[in-house]
Amino acid sequence: MTNETGESRVRLAIDALSHRYGDELAVDDVSFGIEAGELVALVGPSGCGKTTVVQSIAGHVRPTAGRIALHGEDVTGVPPEDRGVSIVFQRSTLYPHMTVGENVAYGLDARGVAPARREALVSKHLELVALDDQREARPTELSGGQRRRAELARALAPSPDVLLLDEPLSALDRTLRIRLREEIARIQRETGVTTLFVTHDQEDAMALADRLVVMNEGRIVGRGRPRDLYESPPTPFVASFLGRANTFSATVLKSNPLTVRRGDETVEIRGVKADVSDDSTVTCHVHPEDLSVRPAESRATNPSIRGTVAHVADVGRRYDVTVRIGSGEDLVAEQVSSPPAVDDDVAVAFPGDRLHLFDRDEGRRVPLSAV
Amino acid sequence: MTNETGESRVRLAIDALSHRYGDELAVDDVSFGIEAGELVALVGPSGCGKTTVVQSIAGHVRPTAGRIALHGEDVTGVPPEDRGVSIVFQRSTLYPHMTVGENVAYGLDARGVAPARREALVSKHLELVALDDQREARPTELSGGQRRRAELARALAPSPDVLLLDEPLSALDRTLRIRLREEIARIQRETGVTTLFVTHDQEDAMALADRLVVMNEGRIVGRGRPRDLYESPPTPFVASFLGRANTFSATVLKSNPLTVRRGDETVEIRGVKADVSDDSTVTCHVHPEDLSVRPAESRATNPSIRGTVAHVADVGRRYDVTVRIGSGEDLVAEQVSSPPAVDDDVAVAFPGDRLHLFDRDEGRRVPLSAV
Amino acid sequence: MNRTDTVGSGRSFRVPGRLVPAVLGGFLLVYFAFPFLSFLSRTGTANVAARLSTPEAQAAIRNSLLTAPVSTAVATVFGVPLAYLLARASFVGKRLVEGIVVLPLVLPPVVGGAMLLTAVGRFTPVGRVAAAAGVPLTGSLLGVVLAQTFVAAPFVVITARAGFGSVDERLEQASRSLGYGPLATFWNVSLPLARGAILAGITLTFARAIGEFGATMMVAYNPRTIPTRIWIDFISGGIDTVVPLALALLAITLAVITAVQRFGRIPTVVDG
Amino acid sequence: MNRTDTVGSGRSFRVPGRLVPAVLGGFLLVYFAFPFLSFLSRTGTANVAARLSTPEAQAAIRNSLLTAPVSTAVATVFGVPLAYLLARASFVGKRLVEGIVVLPLVLPPVVGGAMLLTAVGRFTPVGRVAAAAGVPLTGSLLGVVLAQTFVAAPFVVITARAGFGSVDERLEQASRSLGYGPLATFWNVSLPLARGAILAGITLTFARAIGEFGATMMVAYNPRTIPTRIWIDFISGGIDTVVPLALALLAITLAVITAVQRFGRIPTVVDG
């Protein structure tokens, strides 16, 4: 999975990339690689620097420092037209003065593909995105989803070494987004094109990508398979960003079995020990679906925290129960059925192995292990 | 819940509203009401006409036909400034040449509120949205989320009869959107302002609203509590829009107990009878989380459909398993653990009472009942 | 949005591809700048102060400084509301109105002057009535104002219209919904937000008005403004005699543009 | 987006609030339209055909139709690349370049003419060399072209710049990533997409060039163009003698604008 395993398989390598706009460091020492055929998502909130990374890879921004390599060859100074990197932007860049077919053929013409072969390639790629019958249409006649698909066909037609998708779904409605996401997954499987998918939407990223690279404030703050990052987030930011912010702070009383104190409440997490010094303050994160809400008096095996129900939102397929566990500290529990009433005193329980602990000062993950 | 129960409680009534742009009928005979203190979501895909409805309520569009009533009084011809309807748009409309405090005071000045009271109201509303320390800031100095909250404060300060929120979250990242959604819910609970929340995002709508009004192509296609609409969608559109498109077509063999045929497979849904004539063709919808995937040979009590696993997406907190059940017909099952492998022959099972049946030609829901 | 939306700042990177336009555009720049610099270097040889203190020069300067601000004010008072309407309202005949607004801009000034003469000249009904009332519309300062307004007013209309057009209409709708009528909304929201463009338009109008020559020559050859005086001096005395007055006119124009730049936007705002 | 983004089409609804700007703006419209109509009604009384067939009129028409297209072509060839650079590139001194481009626009034409005389006049180094080589830069058709280009070129630069600016830079980036160099991208993408604005700029430049009067009077009083001929005829014969030539100039200007409208956008595009 990592680019150390086999140097020859790495299609795209970003090495110590940094970029400054004036005084502002937009990208700070970013390094990652993509193997041939992989679909990697670069994900992070708006303004985290991911678009600058993409623009550097495409060659539209010259980075202040660092190196971009394709097939192991340094392309940092190579102009965009000589890189073999296709790009699809958030907003449509189809040429309004050309038909859909001419748009798809555009990149082929640049490479001097013979007319017969060009027609065949255009047909093949229009079929791939199910737009064969829109070949003579103008981009303005297409729907939003069709326009996205036409752009994909145009980007794929010249068989790029790397396909960059820069927030291709962000301007779309949720229904259309999910449909197009599945379409992109299918097309990537069928073509096997090495793809970097850039998005601020963690759901899109996790649904599509083999691997995630999470950025925040110009730096990489996490990388790995979606499930690994979700189940063992390396920082509180990754935990909140991939799931939903759901944290409380506590003080470690004992590290084996892990016992923490919040206010006047002591919570023992049986069967778990933590690699942390006593008396250190930690930030605890639990994903909302790992929490369950019970009547306050009930005592079960799972560790729990007392609180009062502040709000119950009926989301249709589940209830989001907000429990106030202290001044300004709320936990949200996702409950499938029988929600409590507002103002009920409740206990919020969680399986001990679903707790994530982070060092308060440095934000690093505290390793937990079964006893 | 409906506006028939008590005429006096209805704050806002939209009656037979239609609007044409040129030849195009953007809104077609839309009627609904909102009771005092209610939060209703008007939800539908982009271009379904919901913004025209909002603009008609605010008075910025004069509808071609129909009536808008506030407190039972016809306001269809009343200019916006005399309606007492505040509006928050998708993009920020904070005035860049005024401070945040001046923006919030703007609507109060129009009503000639005395200076001392105005200051008090501005402070109160800035506190409500937690922006007290940004009073002297310029809108450009605020973050995206702060700008939204400042707009809410400005809209609420003059104590409007109705608050219109026109896609207020659509331009935001998912993380920020969820946080602001919770903020809006809290503010609405605290102020009790009658609110119409307009969005194309079903998740936002269901998380926030007491009641949903679903629009498609200019018409209302569903209305009710989020849970009722989700659990008993009146049309295939509502089923797919609020959940996720997940349908297959079948022919009814027997209505009691309901038995349907798909290709060479006969599925008996035990304990359920349908009010439908034999041999009619129906569209069946099941929400992805109601589906479970099992090995093909296993036979259980729940009805199931045979298929082949086409794709497994690891979404981090779950697996989305796409099962091909016929040419061009796929079902997506959300599975929490142990997903099957691609190309496995499997059975997709569902509880009989979670199936939704729609008449194929007219799209109407087929009533199902326990035997 | 923010940073993620700023695309393509790797300018220096593409310089090779920009060599051709840079060379071609450079010719034009040199052609614009060279006469300007030649002119400024010439001013040293002319006796500027003496030339500017002659009674004729003094009268021309006074006339120009009287008429151009009046023309600009008239164009602004009537032109800004028109610009707002063109930016916001849609009505039958809007295309025609747009055509009428552009007309004086594309019209050769001497033709504009000829048109004004056929409308308000001494022997037209309007002109005869006005002359009889003691306010002749041609050959008078009022005539100068009429010529300047006709030629220069489109600039403020077109520029202010672009300014209003770039103000999001929703900002005005929000103001209406917060309790302000259309006029109050115009004053509180539209006008302050389009301020930069309006100032730029006023500047352009002033520059065009004070420099007006062709229409003024037709409508009001007398009394002289700076441009007409320059012409008279030129045919009688050649280029060296006109440098001082031309310098004065240049100074006034540049002073106004610089002053407006201080408060608003640069007048390149014609490009929206 | 689509329908949901079109906000506030309830125009007729707000007419009361638009009465004030409509009345104020109406005055200006009448002031623009009235001279135009007076002028057209006057043409009936003049013997147009006879006046236009005099050798003087024929020479003026010929000279104008020779010089204005050349000036427009020169301004376009050098101005469009400059406009593209100003829209896309950021470089040290860009503000200065923008100032130089606007200069001839805000400069009074007679001052522009005076500047050109100090640069290429008969007694300047450049002018002397050119005259010795048999191509005098003043008092010649070449002088007319120089004057027209100086005064009119900013229009095509500013309008084309706005046109390039409104083309999303990502469309060019996509073209680069699809394998085209900067020049090919300019030809395939930028130029066709900014076509409307460029055509509008060319039209404005042509209108300004063929109507040029002030700078031409200084640089090339001879040979006569239509505007200078109109002036000569006016001082010798009064308004009625100039109506035919003014009509011809008006016709040429409007014909070009109409022709361009057919293919591109209306020239109100100065407002971006």
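Here is how names work: the chains are called A, B, and so on, in the same order as the sequence lines, proteins then strands, and each is numbered from 1.
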Item checked: Expected output: side-chain A:Asp173 to main-chain B:Ser46 donor-acceptor under 3.5 Å -> yes
Next item on the list: Flag the one option from A:Arg177, A:Met206, A:Arg318 with the top tally of heavy-atom pairs under 4.5 Å to chain B.
Entry: A:Met206
Check: Pick from A:Asp314, A:Val315, A:Thr175: which one has the most heavy-atom pairs with chain B under 4.5 Å?
Finding: A:Asp314
Next item on the list: Go through the steps to decide whether A:Val332 and B:Glu182 satisfy the test side-chain contact (heavy atoms from CB on, under 4.5 Å), and finish with yes or no.
Entry: CA-CA 11 Å; A:Val332 174; B:Glu182 286 163 2; 4.3 Å; yes
Note to self: Tell me the closest heavy-atom pair linking B:Ala207 and A:Ala313, and the distance in Å.
What the structure shows: O-CB, 3.7 Å
Item checked: Greater than 12 external heavy atoms within 6.0 Å of B:Arg219's CZ -> no
Margin query: Just so I understand: if I count every heavy-atom pair under 4.5 Å between each of B:Arg189, B:Arg244, B:Glu231 and chain A, which residue has the most?
Written below: B:Arg189
Margin query: Less than 4.5 Å to any heavy atom of chain B: does that hold for the side chain of A:Arg186, its backbone, both, or neither?
Written below: neither
Check: Has B:Glu141 got more than 12 heavy atoms of other residues, nucleotides or ligands less than 6.0 Å from its CD?
Finding: yes
Check: Is it the side chain or the backbone of A:Arg179 that comes within 4.5 Å of chain B heavy atoms, both, or neither?
Finding: neither
Notebook entry, point to check: Yes or no on side-chain contact (heavy atoms from CB on, under 4.5 Å) for A:His287 and B:Arg317, after CA distance, side-chain angles and deciding distance?
Noted result: CA-CA 9 Å; A:His287 289 306; B:Arg317 63 182 283 187; over 6 Å; no
Check: Checking heavy atoms, do the side chain of A:Glu203, its backbone, both or neither come under 4.5 Å from chain B?
Finding: both
Notebook entry, point to check: Contact part of B:Val336 toward chain A, heavy-atom cut-off under 4.5 Å: side chain, backbone, both or neither?
Noted result: backbone
